[in-house]
Every structure is written in structure tokens, then in C-alpha cells.
Amino acid sequence: MTLSLTTVWTLAQKELRDALRNRWFLLYTAAFAVLALAFSYLALAGAGIVGFAGFGRTAASLINLVLLIVPLMALTVGAQSLAGEWERGTLAYLLAQPVHRYEIFLGKYLGLALSLLAALALGFGISGLVMALSGSGAADPAQYLRLTWLAFLLSLAMLSVGFLVSAFTRRASVAVGIGLFLWLVFVFLGDLGMMGTSMALRVPIANLFAMSLTNPLQVFKMAAILDIRATLDILGPAGIYAFQRYGAALLGVFLAVLAVWIVLPALLAYARFAARGDL
Amino acid sequence: MINFSHLTKRFGKFTAVNDLSFTVEPQQALALWGPNGAGKTTAIKCLLGLLRYNGQILVDGQDAHKQGKAVRRRLGYVPQELAFYSDLSTLDTARFYARLKRAPASRSREVLAEVGLAEHADKPVGALSGGMKQRLALGLALLTDPPVLVLDEPTSNLDAAGRDQFLHLLAGVRSAGKTILFTSHRIEEIAALADQVLVMAQGSEVTTCPAAELPQRLGLRTQVKLLLDQDAIDPALIVLQQGGFSAARNGHGVLVDVLPGQKAAPIHALRDAAIDVMDFEVQ
């Protein structure tokens, strides 16, 4: 089993180029950048100050923006990745070339991951630049970078889920439809479902925290808040329990869970892609 | 060079290829001939590693399943359904596949020139005609100058002019000493390219024969309609029937059954009998 980095990079470049020409991807990126800029400005409204908000308020706005747009962006491009090429017939021709399936999978994943990183860098970059230039941002650059990287990890987790959907689907439209449904589940139903379940069944705090770990968006949110505030009091009893239970290791727990969300769906997606013999 | 041994491919309960065994010798051009659904394309897809299968396929001793990448490195493939990235330019497409195949960068422009697409290097692939795309596929297959060329119904989507042009290109490739395995259901393509023909039906081998013998082996007939003077029709029928042709009156002429490679034979027979043929049509 040999891996050709040239092959992987060739495929990644192609994927990156395609993503930068994908109008939906460009639309999401533009929306993210514009909203990040707007939130940086509007975060001050509650404080009644004219100018740009401090980092804490801006970061809180950015976390919500990331929760809404980044999963949508990553799920959509991930879902289109394999299914789109299957549908157009280009994947069969690609597989008939002297390349391994894992090289194709890795190349596509790497290319899309880089394009997501570029989109996030643009959004966070604009927002960060505005804060820095305004002089009122009081931003800790390291903290801001960590938030960007957490958002990137979330985008990778959602990209992996998108790939998993794509590996089981032969039509891009169906894959994107499933991706959008999953976005709804993660963004809205996950929150509401957990609230409803905890109220109806009086779920113990420990279980409530465990449940929240099953949603990568919740994991990102908790990790980001923890990093900014050094506590999870804002999340209520479950947050206090988690902080008391895991202490300094809590951020590590969140990162580990995000890593599982990145690796596991990607491995399952590859297993399905490698096993498909119906081209 | 290429050895198929007991290849069997099933899709659920349907057996697409059933215990198929054959060998393609170096520099030989072997055609898989048969109607749609005979299993020709399935056999090619198995060779390329696109389908899982039972049995064994070896290319120069390397297993197509276990050493798929190494085997595909020795093959140039021209598919039946051309699926390129339509927004890439012709040259960028060649560059992309050249990098995947580890061909020298300079080969991209060279192959475009070889297949007559140098003038279209900057056009998006989506803007090329069917014939041009087919030539591009041949160029991509030749990027690394592989010893084996695999073609799946290479001219099925082309018009007569495009077909002639493409067959001319393939004849050049063949004369360069490449081993060729291709599928076809066109008798003229077989005649132009193949040394040997393996006839398939319902996933199995029916017979293997030299390409020139295929029409006789299969009893393939073509009908030629000869347009004659009204007064010449009856004498012509007598001449043709005496010459061993199956001929019948048809409107302003006669309809003659001939082997595909002998369409001019009844015209020669009538000329020898001093009967003028005004025109003819191949049915």
C-alpha cells in the first residue's frame, strides 16, 4: 500500500479550484465574511457604545455565526464531493487511471478542507482586522486564532459527515438534501430535542452533558466558550457539572470528541467508497 | 500480455459475464464483439478495477485486482461514455491527467498535437464536439505511451466522418505496435482494427476467429440495392442468381444479399455481363 503525495496533491488542487468556482461555496463564504464583519460592529449595540465591540462580545457573535453557517457550508460541499462525480461519470474515469481509491478520497478531502480553511480565514480575518484597526477590540490574538481553529475543526467534522452522506448516495441533489436535513438536525433539532428531553424525562445532569457531546455543534460551542471565559457557568448546571467533573482536562475532552467526529465518519465514508464495486 | 481466466461477474441474480477466458498476445488487436448486453463493457470494467469479480485478470503477470494501480499504469483507456470536467480547458485536462499518470509535463501539448487538438488547447472541454472529445480521450490514453490500449465502443457516439477520422488515428496507434483490446458491435470497426475477434453473447464466449472471417462465421449479410434500367432487371436477376447471389426484384432495381466485405461483388458480376448499374444503396 503506497501513497503518492503528488497524486493526492494534484487531486486536492483540483478540488480546491472547483470549490472556488462553486457559486454556493462562494455565496456561503461571502455571507460568512459579511456577517462576521457586521457582527463585529453590531456586538456593541447592547452596550450602548459607539465603535467596535470588545473581543468577548464579538467572539460570542462569531460563535453563533459559525454554528449556523460553517456546518451548512461543510455539509453541502462534503455531500456533493463523491456523489456529484458519480452522477457526472467523472469518478469512474478517474478510478480507471493509475490511482488508488484512498488517494482519490484523501485528495478530495484535503482539497475541500483547505477550501473551508480559506473561507474561515477570510471571515475571521476580516473580523479580526476590523477589531485590530478599530483599536477598541482588545482582542487577544492567540485566543482569536484558537477560536478560528476550533471553527476549522467543526468544519472538518461536518465535512466528514458530508463525505459519509456522499459515499452512500449516487445523486448530488439527494446527497445535498440529506446534508441540509442533517444541518437542521444538528443546528435546531439537536438543541430543541435536548431541551425537550431533559425537561420531559428529568435527565440527570451527567447524562445531559453526555448527550450534548453527541452533537459536534454543541461540542464546538462549549469548547469555544470555555476557551474564552475559562468556565462554563453560562451554560447552566450541565456546564458547571462538566467543569467540576473534568476540570482542566475539559478542553481536551472537547477536542477529543471533535477528533472522533472528524475521523469516524471519514473512515466510514472511505470504507463505503472503497467497497463500492458498481461503477 | 493480457490474460482473462474464468472471469465471472454477477449483478445480483444476473450474470453479466460467465466464466470468460481469453488471452491477448503482445501487439495483437483483439475485439470483443457482440450485441448490447453481451458483457463486453463489463469485462473491460473488471480489467480496469471498476468492478469486483470472480476469476483472475493478469496484465504482464500482474493481477488487475491486487495490483490495480500498477496494471492501470500499463493501460491507456478510452471509455464509451466520455466524462471530463467540462469547465477545464483541453490543455488543463491533459495536464491534470498527465500529473496523475506521472507523464512529463511536455506530453500534454504533444498528445494534443498528435490527436489534432492543438488549436483547441484553450477551449473548455465542454465546448468540444463529440469527435474532439473522443480524440482527447485517445490523447489522454496515450499520455504515458502505455503498451496496451483499451477502448470501449470507441466510435459508438460519432457520426460517419468522426468515425473515419478516429479509426484513422487508431490505425496509426496500432501500427506503432500497441496491444489493443476493444469492444465493438460495428463490423467495419472490427475489419479496420482487429486481428482476432472474440464473439460474446449473454456473457459467454461464442467463438474466436480472425477478424476477416467474422462475417462468414456469423453468417452476417448486408443487402445492396442496385438501381437498373427497367429492361435490365430481368437479365440482371438471371446473372446474379447464376452467380450464386440471393437477389430479388425491388422497385426500380434488384436487392442482393452479400457478405459485408463483398458489397461490390454483384456490381462486378453485372458489369462482366455488360449490364450497367445506374446507382446503388447499402441497406
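As the structure is a computational prediction, the values presented were derived from the model and not from experiment. Just so it is clear: chains get the letters A, B, ... in the order the sequence lines come, proteins before strands, and each one is counted from 1.
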Side chain / backbone / both / neither for B:Arg74 at chain A, heavy atoms under 4.5 Å: neither
Separation between CZ of B:Arg73 and CD of A:Gln97, rounded to the nearest 0.5 Å: 10.5 Å
A:Trp9 side chain reached by B:Arg99 side chain, heavy atoms, under 4.5 Å: yes
Flag if over 12 foreign heavy atoms under 6.0 Å of NE2, B:His185: yes
Pairwise side-chain contact, A:Gln13 with B:Phe96, heavy-atom cut-off 4.5 Å (strictly under): no
CD on B:Glu81 to OG1 on A:Thr90, rounded to 0.5 Å: 13.0 Å
Near-ring test A:Tyr93/B:Tyr85, centroid separation under 6.0 angstrom: no
Salt bridge A:Arg17-B:Asp87, side-chain N to carboxylate O under 4.0 Å: yes
Atom CZ of B:Arg109 with >12 non-hydrogen neighbours under 6.0 angstrom: no
Least distance between heavy atoms, A:Ala96 atom then B:Tyr77 atom: CB-CD2, 3.5 Å
Most chain A-contacting option - heavy-atom pairs closer than 4.5 Å, from B:Val71, B:Leu100, B:Leu82: B:Leu100
Considering all heavy atoms, the nearest B:Lys69-A:Ser4 contact: NZ-CB, 3.8 Å
Between B:Ser86 and A:Arg88: side-chain donor-acceptor atoms closer than 3.5 Å: no
Minimum heavy-atom distance between B:Leu88 and A:Lys14, given as atom pair plus value: CD1-CE, 3.9 Å
